[in-house]
Amino acid sequence: MQRPSAAKGSELSEVAPGFVEMTDRILYGEVWERGGLSKRDRSLLTVASLMTANRHQQLEAHLGLALDNGVTKEELGEALLHLAFYSSWPAAVTASRTLLDVVKKRED
């Protein structure tokens, strides 16, 4: 599987080539390709993890990947609402704004 951010991140090879190589080979080449969970389910889990850990820099790419993997914008919105009560309201606001940006970019 290709990184959800496509080529973004490759520039890190200049300072951390092993990190980039392992990200591509192990995370996206092996972990995301394992059986047991669908890519759709993995996307939902990843979005939840990134939102609740306030890792919003990576959230945009993974929201787009979730949409590509069959999660609807309505389902993502519902997941963010649900997570607001378990993580934080501000994290859900930020994630919801990010989802809105992703959806608008795709509509253009």
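Residues: numbered from 1 along the sequence shown.
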Taking atom [atom1] as the centre, does [X] end up with more than 12 heavy-atom neighbours from other residues, nucleotides or ligands that are less than 6.0 angstrom away?
| X | atom1 | answer |
| --- | --- | --- |
| Arg97 | CZ | no |
| Arg55 | CZ | no |
| Arg25 | CZ | yes |
| Glu78 | CD | no |
| Glu14 | CD | no |

**OP:** For Arg42 and Ala66, indicate whether the former's side chain and the latter's backbone hold a donor-acceptor pair under 3.5 Å.
**Re:** no
Subject >> Donor-acceptor contact present, side-chain Thr94 to main-chain Ala91, <3.5 Å >> reply: no
Subject >> Intermediate values then yes/no, side chain to side chain contact (heavy atoms under 4.5 Å, CB included), Thr23 and Tyr28 >> reply: CA-CA 6 Å; Thr23 297; Tyr28 293 111; 3.7 Å; yes
**OP:** Would you indicate whether the side-chain heavy atoms of Glu74 and Leu76 approach each other to under 4.5 Å?
**Re:** no
Original post:
Considering only heavy atoms from C-beta outward, does the side chain of Trp32 approach that of Thr46 to under 4.5 Å?
Top reply: yes
Original post:
Does one hydrophobic cluster hold both Leu65 and Val31, with members joined at side-chain heavy-atom distances below 4.5 Å?
Top reply: yes
Subject >> ILVMFWY cluster, Leu99 and Leu50 together (side-chain gap under 4.5 Å) >> reply: yes
[atom1]/[X] to [atom2]/[Y] distance, rounded to the nearest 0.5 angstrom?
| X | Y | atom1 | atom2 | result |
| --- | --- | --- | --- | --- |
| Lys73 | Leu67 | NZ | CG | 9.5 Å |
| Glu75 | Leu44 | CD | CG | 7.0 Å |
| Met51 | Leu83 | CE | CG | 4.5 Å |
| Asp41 | Lys39 | CG | NZ | 12.5 Å |
| Leu63 | Asp68 | CG | CG | 11.0 Å |
| Thr98 | Leu80 | OG1 | CG | 9.0 Å |

Original post:
If you take all heavy atoms of Asn69 and Ser43, which pair is closest and at what distance?
Top reply: ND2-OG, 2.9 Å
Original post:
Looking at His62 and Val47, what are the two nearest heavy atoms and their distance?
Top reply: O-CG2, 3.8 Å
**OP:** Classify the angle between the aromatic ring planes of Phe85 and Trp89 as parallel (below 30°), tilted (30 to 60°) or perpendicular (above 60°).
**Re:** perpendicular
